[in-house]
Amino acid sequence: MPKRRLSERQRRRIQAIQERRRQRLESRTNAVLDDLDDLDAERSTGAATTGPGDGAGPAVGERQSQQGSVVTRHGAHLAIEVADGSLHHCVARRNIGQPVCGDRVIWVPTEPGRGVVTALAERENVLSRPDYAGRDKPLAANLTLLAVVVAPEPPPSGFLLDQYLVAAELMGVRALVVAAKMDLLDMRARRAFLDALAPYPELGYPVCPVSTKGSPGITALLPHLTAQTAMLLGQSGVGKSSLVQQLLPDQDIQVGRLSAATGLGRHTTSTATSYRLPPGDATGGRLIDSPGVRSFRLSGLTQAQLEDGFPELGTVRGQCRFRDCRHLDEPDCAVRAAVAAGGIHPQRLARFQQLRGGLVR
């Protein structure tokens, strides 16, 4: 059946109705924000908090504050999930900063299903990347695991892998190396591929071989995600999207539920979104997914920060003759001596020097 064409007058009328609805929502939101600002002013002067004076109910400041976490954000609009799993469409108060996916927040209900975020809880960590002006732009907060995905196709970039691991160390979160697309390799090639990753488990970074199209599957990955807030990182083409699809078989259902509750589901392809992993081997886990986060890059480190990102350097830190030793050709370099003695893998020192040349300011 063909769509009925609207006249210009009908289109203008529909646009006017939608604009009035947007203005009513904006007016209610601004009234709540102004109410909160007035409450702060009253508290600072010692004045008593009063209701709106029209018998409509308690002022916003007198309503019960609740805790929640940011599932996704689009502009000023936030989807907040509370302990019972329900979702609420909120806006953030003007002076609290920039909430991001994964933030824990305090919010106040304003009407059923809606509210205002009044405070951000202290972050345990935040994943950021530079914006076009070179300033750090927060992308996600309160992560507990970075899963770095590598694959035989495209060939793994040690530079990127170690860059992601440095990021995990600087954030203070666990890291895992996911060796994807193992179905592309025969047993001999698979063994060679995994042997090249052998230095990482010794440093505390487990290597987990997986495949989304055959043996060994993704079963081995699930226990690593139990009760974690995880994110997949890796270069383009390594199979992150396929992994997300298998880890979140109900992703469309979760997006639909998000849309029904907040109207923000349509933005999940362009902004970081936190998903519940299905019950089972990954019980209690969450996966934060975002195209922008997947292409994360470090920038602008000091040498001391870069050294913090290589935990094996900590065993000899401060033992070089020169305080500003670059671990290149300086005499009495403790790092190069540790490499020669077998305490530090030479590949890792080479990656340190590569990152130092590209990242250290």
Short N-O contact, R257 and D250, less than 4.0 angstrom: no
Return the set of residues passing ring pair (Phe, Tyr, Trp, His ring centres under 6.0 Å) with F310 (not counting sequence neighbours), or none when no residue passes. F352
Show me the donor-acceptor pairs, under 3.5 Å and distance only, between side chains in residues 143-155 and residues at least two apart or in other chains.
| from | atom 1 | to | atom 2 | distance (Å) |
| --- | --- | --- | --- | --- |
| T144 | OG1 | Q228 | OE1 | 2.7 |
| T144 | OG1 | T229 | N | 2.8 |
| T144 | OG1 | T229 | O | 3.4 |

Is a donor from one side chain sitting under 3.5 angstrom from an acceptor on the other, for R351 and Q163? no
Can you confirm whether the side chains of S86 and H88 place a donor and an acceptor under 3.5 Å from each other? yes
Side-chain H-bond candidate by donor/acceptor type, E202 with H345, under 3.5 Å: no
Would you say R104's side chain and G68's backbone share a donor-acceptor pair under 3.5 angstrom? no
Reported CG-to-CG distance for the pair L221 and L176, which is rounded to 0.5 angstrom: 6.5 Å
Between R286 and E81, is there a side-chain N and carboxylate O pair less than 4.0 Å apart? yes
Take R326 and Q353 through the side-chain hydrogen bond (donor to acceptor under 3.5 Å, both in side chains) test and state the conclusion after the steps. CA-CA 8 Å; R326 300 167 299 167; Q353 298 296 359; over 6 Å; no
Lys/Arg-Asp/Glu bridge criterion (N-O < 4.0 Å) met for E330, R321: no
Spacing of CD belonging to Q303 relative to SG belonging to C325, to within rounding of 0.5 Å: 7.5 Å
D252 atom CG, over 12 foreign heavy atoms within 6.0 Å: no
Partner residues of E169 under the salt bridge (Lys or Arg N to Asp or Glu O under 4.0 Å) criterion, sequence neighbours left out: none
